[in-house]
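Remarks on the structure that follows.
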Amino acid sequence: MAANVSNQTQQATACGVGTVITQRRDIHGSPPSYAPARNLNDQRLLPYQLYRHESPFKLHLGGTLPSFEIAYESWGTLNDKKDNVILLTTGLSASSHAKSHFGNRSDGWWEKFIGPGLPLDTNKFHIICTNVIGGCYGSTGPSSIDPVASKEAGRSVRYGINFPMVTVWDMVRAQFRLLDHLGVNTVHAVVGSSMGGMQSLAAAALFPDRVQRAVSISAAARSHPYSIALRHAQRQVLMSDPNWMGGNYYEHGVIPEKGLSLARQIGTITYRSGPEWEMRFGRKRANPKSKPGLQTDFMIESYLQHQGNKWIGKYDANSLIFISRAMDMFDMTERPLFDPNLQNAPVSDHEDSAELLDEKATTDYMHTQYLTEGMSTIKCPTLVIGVKSDFLIPSWQQMEIATCLKAAGNKKVSHFEIDGVFGHDTFLLDFSNVGSAVKGHLEIPFPVLPTVTTDLKQDDSPVELAAKPKASSDILPEQIVVSYSNAKSEPAKTVKTDNDEEIIF
């Protein structure tokens with residue numbers, strides 16, 4: 001890594017094996033698209049900060065990173081006790097830029113959810129968001145320089161396909177190394193959606209004494225065959241592009257553009273829903289007067305092509321391959337029993353028989369006992385949110401999370417199911433329902449909050465919910481969903497989706 005340090009403008013503070021670096025440009029290549037170039041002489045304008053873990057980091061599946069870096073951004077003020085931190089975990093392809101700030105004024109991927117009085121209230125909390133290891137927005141990933149291979153070759157060599165397999169467990173442990181470095185012993189909450197929701201569950205399970213609350217939105221406790229199949233298709237079309245070159249396209253100065261675009265188009269189909277597209281596109285054609293042919297014709301086709309083409313140069317193909325595989329492998333039945341970085345840690349912490357492995361791999365609702373056992377260490381108040389129109393990670397999987405948590409003895413589980421048309425991307429678009437539920441969970445004192453399951457429709461507001469209870473218990477949802485000043489200013493039905501088209505997720 002020493003060869004790369006000269007390319008950075010630094011403001012470093014050593015602490016144990018870690019270093020925090022003020023990041024000016026992406027040392028893994030060109031500046032990330034979300035972080036435009038800044039005046040290097042202006043120390044106030046920082047796109048993100050970089051934490052460097054300078055000792056070897058052992059991974060769950062046996063690989064080792066000689067060192068790693070995590071890009072992160074933060075909002076709000078850290079209190080004196082350092083116990084008001086919310087760790088915001090990301091989906092598959094998100095950067096650390098969840099909210100605009102002086103160093104990067106472009107909108108973040110959760111722009112409307114973070115700020116004074118908002119669901120993640122910066123008047124009360126210090127929010128930290130990172131780019132996961134395996135990513136390409138400043139954190140160590142396949143496009144990073146491999147220090148070992150570079151030393152052997154006598155030149156800079158990127159990891160490429162030789163990057164070690166990472167898991168959700170590794171992503172979480174790496175983020176907690178950052179928290180250790182920052183002196184944060186406990187977090188008020190871990191909040192995440194999609195793969196971020198997997199990370200929030202993993203964090204609460206791995207660090208039950210450090211996580212006070214958890215929020216898991218549109219996530220799964222284990223990836224099921226349908227979502228695995230969809231991500232498999234994305235990887236296959238990407239790796240079929242001749243320019244992928246076995247994952248070593250960096251050396252040839254090319255990008256697998258066609259494969260990356262097609263993979264993104266498949267992903268876009270899984271992130272939204274048919275009903276939304278019926279309302280938005282119907283069977284409209286881009287040029288109704290033209291003679292139909294094999295060319296792109298319907299507006300939905302143009303939309304998918306546009307989404308795919310926008311991803312070219314914005315996201316690294318190998319990061320998609322490695323991180324999507326980490327999502328496939330996520331399974332709470334296989335919760336690690338040991339940190340591989342501890343002294344005298346066993347080589348493997350699960351020695352299951354073939355019969356037991358087969359039993360654990362059965363995913364129907366009759367085989368949840370091992371899932372319940374895997375989630376048994378999650379004792380903190382947990383909010384689980386699902387969406388009826390989500391077919392990438394269907395709402396029954398969020399019900400599965402809530403059911404298993406309760407079966408494992410967690411008495412502070414809240415489960416909501418949103419009835420809307422935005423599919424998996426609802427957590428990006430439905431500010432009213434998602435925001436209200438998250439804010440309530442983060443701010444209501446426990447153990448006041450009861451266990452409850454309820455439905456939220458997309459046109460419900462916090463005020464309407466108070467007068468229209470739908471909970472299965474006699475507890476009114478108003479005790480869960482806290483209204484706030486601007487909750488009704490941007491209801492889901494008036495949210496413009498144009499901003500979402502620009503979000504890499």
Side-chain angles (χ1 to χ4, degrees), residues 72-90 94 96-105 107-130 175 179 182 184-193 196-197 199-200 203-204 210-217 380-385 412 414 416 418 426-449 456 460-463 465-466 477-492 495 499:
Y72 70 98
E73 298 174 47
S74 60
W75 306 264
T77 302
L78 183 64
N79 65 16
D80 292 338
K81 294 182 179 180
K82 296 186 177 182
D83 61 358
N84 68 330
V85 169
I86 293 177
L87 179 62
L88 178 60
T89 49
T90 64
S96 59
H97 190 60
K99 172 76 175 181
S100 58
H101 51 77
F102 286 113
N104 182 359
R105 294 182 181 276
D107 283 356
W109 56 265
W110 236 27
E111 182 73 21
K112 297 175 182 178
F113 290 78
I114 303 171
L118 294 177
L120 272 61
D121 191 343
T122 51
N123 287 335
K124 300 177 179 179
F125 304 112
H126 180 65
I127 295 94
I128 298 174
C129 184
T130 80
Q175 290 173 88
L179 294 176
L182 297 175
V184 176
N185 294 320
T186 62
V187 294
H188 179 76
V190 181
V191 178
S193 306
Q199 291 176 70
S200 66
R210 300 183 66 179
V211 177
Q212 295 178 346
R213 307 183 190 207
V215 177
S216 180
I217 307 170
C380 65
T382 304
L383 171 64
V384 184
I385 300 177
K412 301 183 182 69
S414 302
F416 292 88
I418 296 174
T426 294
F427 69 89
L428 294 170
L429 299 170
D430 191 350
F431 174 80
S432 179
N433 287 319
V434 175
S436 297
V438 170
K439 186 174 179 69
H441 184 75
L442 295 177
E443 296 184 10
I444 289 181
F446 286 96
V448 173
L449 186 63
L456 295 179
D460 282 337
S461 70
V463 174
L465 283 171
E478 64 179 332
Q479 293 179 264
I480 301 170
V481 182
V482 176
S483 60
Y484 44 101
S485 59
N486 59 350
K488 299 187 72 175
S489 62
E490 294 176 357
V495 169
N499 287 337

Between [X] and [Y], is there a donor-acceptor pair closer than 3.5 Å when you use the side chain of the first and the backbone of the second?
{"X": "K82", "Y": "L182", "answer": "yes"}
{"X": "D121", "Y": "G117", "answer": "yes"}
{"X": "T90", "Y": "L88", "answer": "no"}
{"X": "H126", "Y": "G76", "answer": "yes"}
{"X": "S100", "Y": "D107", "answer": "no"}
{"X": "S74", "Y": "I128", "answer": "no"}

Considering all heavy atoms of both residues, which atom of [X] and which atom of [Y] are nearest to each other, and what is their separation?
{"X": "W75", "Y": "A98", "answer": "CH2-N, 3.7 Å"}
{"X": "P119", "Y": "K439", "answer": "CA-CB, 3.7 Å"}
{"X": "G192", "Y": "S200", "answer": "N-CB, 4.2 Å"}
{"X": "W110", "Y": "F427", "answer": "NE1-O, 2.8 Å"}
{"X": "F125", "Y": "H188", "answer": "CE2-CD2, 3.3 Å"}
{"X": "G196", "Y": "T89", "answer": "O-OG1, 2.7 Å"}

Rounded distance (nearest 0.5 Å) linking atom [atom1] of [X] with atom [atom2] of [Y]:
{"X": "T77", "Y": "N84", "atom1": "OG1", "atom2": "CG", "answer": "8.0 Å"}
{"X": "Y72", "Y": "I127", "atom1": "OH", "atom2": "CD1", "answer": "15.0 Å"}
{"X": "Q175", "Y": "Q199", "atom1": "CD", "atom2": "CD", "answer": "5.0 Å"}
{"X": "R213", "Y": "K412", "atom1": "CZ", "atom2": "NZ", "answer": "10.5 Å"}
{"X": "T186", "Y": "K81", "atom1": "OG1", "atom2": "NZ", "answer": "10.0 Å"}
{"X": "I114", "Y": "T122", "atom1": "CD1", "atom2": "OG1", "answer": "9.0 Å"}

Yes or no on side-chain contact (heavy atoms from CB on, under 4.5 Å) for I385 and T426, after CA distance, side-chain angles and deciding distance? CA-CA 10 Å; I385 300 177; T426 294; over 6 Å; no

So [Y] and [X], do their side chains get closer than 4.5 Å, heavy atoms only?
{"X": "S96", "Y": "E73", "result": "yes"}
{"X": "L442", "Y": "V191", "result": "yes"}
{"X": "V438", "Y": "I217", "result": "yes"}
{"X": "L428", "Y": "W109", "result": "yes"}

Within a reach of under 6.0 Å around CG of N123, are more than 12 heavy atoms found that belong to other residues, nucleotides or ligands? yes

Please step through side-chain contact (heavy atoms from CB on, under 4.5 Å) for the pair N433 and F416, ending with a clear verdict. CA-CA 10 Å; N433 287 319; F416 292 88; over 6 Å; no

Parallel, tilted or perpendicular, as decided by the 30° and 60° cut-offs, for the rings of H101 and H97: perpendicular

